[in-house]
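Working notes for the structure below.
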Amino acid sequence: GVMFRDKFADYVNTDDELSAAEHIDILTNFRIHSFSDLTDFQKNIVTIVHTRLTEFEKENSDLLDSLLTSYSINGVSMAFGDRVKCISGVVIPADLYSLLCSTGLCYPAI
C-alpha cells in the first residue's frame, strides 16, 4: 500500500481511504502516475470522486461485500439499475463515474 500512499498523498489521509484510491486507479486504467502531474481540473475531479467514493464505500460496505462475493463466486451478473455501475469489479455511483470520465483518464488503453 505504500505506493498508493505516496502517489495519492495529496488527497489520501488514512489507510482506510486506500481502497477508493485503488479503485480510482483501476477505473483510470492506472494512468495517474503522480497526482502532481495532473492538471488542476483533473486534481479537483479526482479529489471529489475520491471523497465521495470513500463515503459511498463506507455507507454500503456490507452490501458491496456481499454483492461482490456472490458475483465472484457464482459469476452471476449484477444489475444495479441506472444509478450504480460495476466497472472492472469496482462498484461506483453512475454520476461519480461520469464525473471521473470527464478527466479523460478512464478510456481503455488503445
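Heads up: numbering here begins at 1 and tracks the sequence.
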Checklist entry - Should Ile32 and Leu38 count as side-chain neighbours, where that means a heavy-atom distance under 4.5 Å? => result yes

Q | Test: Arg52 and Asp95 ion pair at under 4.0 Å | A | yes

Heavy-atom closest pair (His23 atom, Leu53 atom, distance to 0.1 Å) is CB-CD2, 4.1 Å

Legend entry - Exam field: side chain Glu57 to backbone Thr54, donor-acceptor pair closer than 3.5 Å: no

Rounding to 0.5 Å, atoms CD1 (Ile45) and CG (Leu99) come to a distance of 4.0 Å

Is a donor on one side and an acceptor on the other found under 3.5 Å between the side chain of Arg31 and the backbone of Tyr107? yes

Taking every heavy atom of Pro93 against every heavy atom of Phe56, the minimum-distance pair comes out as CG-CD1, 3.6 Å

task: Indicate yes or no for a side-chain donor-acceptor contact from Asn44 to the backbone of Asp40 under 3.5 Å, with no hydrogens or angles considered.
output: no

Taking every heavy atom of His50 against every heavy atom of Ala20, the minimum-distance pair comes out as CD2-CB, 3.8 Å

One should read off an interatomic distance between Lys43 NZ and Ile48 CD1, to the nearest 0.5 angstrom, of 14.0 Å

Minimal heavy-atom distance between Leu100 and Leu27, with the atoms involved, is CD2-CB, 3.8 Å

For Ser36 and Ser34 the tightest heavy-atom approach is OG-OG, 2.8 Å

Next item on the list: Measure from the side-chain N and O atoms of Asp25 to the backbone N and O of Phe30, and report whether any donor-acceptor pair falls under 3.5 Å.
Entry: no

**Request:** Check whether any side-chain heavy atom of Gln42 sits under 4.5 Å from a side-chain heavy atom of Leu105, and report yes or no.
**Result:** yes

Rounding to 0.5 Å, atoms SG (Cys106) and CD1 (Ile26) come to a distance of 12.0 Å

Correct closest heavy-atom pair for Val46 and Phe35 would be CG1-CE1, 4.0 Å

